[in-house]
There are 2 protein chains.
Amino acid sequence: MEVETEPDDKVLRGFAGYGLKRAWLAVHSELTSALERFDLKLITYSALALIVANPGLRPSQLAELLALERSNLVGFLDQLEKSGLIRRSASRVDRRAQVLTATDAGREVCRKATEAIARSEEAMLGQVTQAERSVLTGALRKIETAAARLREE
Amino acid sequence: MEVETEPDDKVLRGFAGYGLKRAWLAVHSELTSALERFDLKLITYSALALIVANPGLRPSQLAELLALERSNLVGFLDQLEKSGLIRRSASRVDRRAQVLTATDAGREVCRKATEAIARSEEAMLGQVTQAERSVLTGALRKIETAAARLREE
DNA sequence: CAAAAATAGTTATGTAATGTAATTAAATGC
DNA sequence: GCATTTAATTACATTACATAACTATTTTTG
């Protein structure tokens with residue numbers, strides 16, 4: 001006999017990759033909206049936060065930290081510079097290199113944006129206990145490392 | 001005195017969103033490469049797997065399950081159909097709708113691709129215990145739900 | 001029952017993230 | 001000193017994803 005069952009995605013839910021994508025998509029959307037009023041995107045916020053936390057950082061180091069191609073970083077730094085949040089200055093030890101620093105405005109925007117992000121995160125992680133968060137973070141880190149290792153083989 | 005410290009992304013690692021993005025990016029890259037030899041992308045594999053698991057599924061239901069716009073699904077179904085992995089047939093209860101079914105070849109490719117994915121997942125999750133995986137999956141699900149709820153407000 | 005609203009699949013179009021290749025200038029290594 | 005490497009950039013292609021509009025139906029409703 002025909003049993004009409006509701007279609008579902010159980011077969012995919014067994015894969016961590018699927019859950020990861022679903023969660024990331026939803027989180028990305030929420031965080032993007034949280035950063036809208038600061039005229040920041042997730043990637044420009046990340047760059048700004050790292051420049052604030054690591055004054056004197058060079059673009060190539062930043063690209064390395066954020067795991068993105070140097071060529072892709074250029075435009076994002078352009079945006080941050082045009083908004084007056086960071087400065088690109090010449091390195092005195094390597095004339096090819098630049099030195100990135102946040103402006104006062106950049107540090108201020110970073111502080112406020114970080115608060116907004118933290119609020120969004122709290123709203124999204126509200127049902128996740130501290131113990132679970134710690135497992136989550138650790139597992140994500142392990143997965144990232146293992147996946148990256150697989151890729152570079 | 002100047003203490004030259006290595007630049008790092010500690011400030012961002014505190015956010016679940018950052019870890020999520022990093023992990024997803026690495027996992028996406030690995031899974032994409034694992035599916036390459038089947039001429040499948042992550043999204044077409046997902047669609048195929050859901051059609052195999054839910055015979056008779058309609059495109060709009062599939063889009064709903066995969067959380068993507070119907071318009072974006074069209075091209076992916078085109079690819080699967082052109083590869084002979086699925087069939088689109090007319091619904092007999094609703095002349096607007098289509099009914100999706102996998103072909104024999106589709107089921108076979110799905111089976112093999114699923115094995116490949118499972119192997120990749122095992123390699124990526126090797127250092128994550130079963131208990132941790134269970135927490136991970138649950139936490140991702142909670143986060144996805146909470147983030148989606150925030151978005152639709 | 002006829003008109004209005006909603007739904008299914010599609011097409012067209014725009015945006016954003018990411019990757020690759022090539023260029024220029026400077027530094028490094030042999 | 002010359003070949004190689006590195007830093008930042010430019011140009012370009014690809015892919016994922018969102019939005020709006022269109023056609024053919026079905027459903028709702030007055």
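Below, each value reflects all heavy atoms present in this structure, side chains not excepted, and no hydrogens, waters or symmetry copies.
Within 6.0 Å of CD in B:Gln127 there are 12 or fewer heavy atoms belonging to other residues, nucleotides or ligands. Other residues, nucleotides and ligands contribute at most 12 non-hydrogen atoms within 6.0 Å of the CD atom of B:Glu64. Annotation for B:Arg87: atom CZ does not count as buried by contact number, only 12 or fewer foreign heavy atoms lying within 6.0 Å.
Atoms CZ (A:Arg92) and P (D:dA7) sit 20 Å apart, rounded to a whole Å. When rounded to the nearest whole Å, the span between CG of A:Leu42 and C1' of D:dC17 equals 16 Å. With rounding to whole Å, B:Leu35 atom CG is found 12 Å from D:dA16 atom P. B:Leu77 places its CG atom 15 Å from the P atom of C:dA8, with the value rounded to the nearest Å. The distance between atom CD of A:Glu69 and atom P of D:dA7, rounded to the nearest whole Å, is 13 Å. Computed from coordinates, the B:Leu62 CG to C:dA8 C1' distance equals 13 Å when rounded to whole Å. Rounded to whole Å, atom C1' of D:dA7 lies 14 Å from atom CG of A:Leu57. Atom CZ in A:Arg96 sits about 4 Å away from atom C1' in C:dA27, given to the nearest Å.
Residues B:Ile43 and B:Leu68 form a side-chain contact, since some pair of their non-hydrogen atoms from C-beta on lies under 4.5 Å apart.
Considering only side-chain N and O atoms, B:Lys41 lies nowhere under 4.0 angstrom from the phosphate OP1 or OP2 of D:dT14. Taking only side-chain nitrogens and oxygens, B:Gln98 comes nearer than 4.0 Å to OP1 or OP2 of C:dT10. Contact between the side-chain N/O atoms of A:Arg95 and the OP1/OP2 oxygens of C:dA25 is not found at any separation under 4.0 Å. Here A:Arg70 does not reach the OP1 or OP2 of D:dT9: none of its side-chain N or O atoms lies under 4.0 Å away. Between D:dA18 and B:Ser71, no contact under 4.0 Å exists linking OP1 or OP2 to a side-chain N or O.
Of the residues in residues 14-30 of chain B, none has a non-hydrogen atom less than 4.0 angstrom from any atom of DNA chain D.
With no hydrogens or angles considered, a side-chain donor-acceptor pair links A:Glu30 and A:Ser120 at under 3.5 Å.
Of the candidate nucleotides C:dA6, C:dT11, D:dT9, C:dT11 has the atom nearest to the side chain of B:Val74. Closest to the side chain of A:Arg88, from the set D:dT9, D:dT19, C:dA26, is D:dT9.
Nearer to the 5' terminus of DNA chain C, by closest-nucleotide assignment, is the contact made by B:Val99 (compared with the other of B:Val99 and B:Asn72). Between A:Val93 and A:Ala67, the residue anchored nearer the 5' end of DNA chain C, judged by the nucleotide with its closest heavy atom, is A:Ala67. Both A:Asp94 and B:Phe76 sit near DNA chain D, but only A:Asp94 has its closest nucleotide nearer the 5' end.
Under a 4.0 Å N-O distance rule, the pair A:Glu132/B:Lys142 qualifies as a salt bridge. A salt bridge does not link B:Glu122 to B:Arg119: none of the charged nitrogens lies less than 4.0 Å from a carboxylate oxygen. A salt bridge links A:Asp9 to A:Arg22: at least one charged side-chain nitrogen sits closer than 4.0 Å to a carboxylate oxygen.
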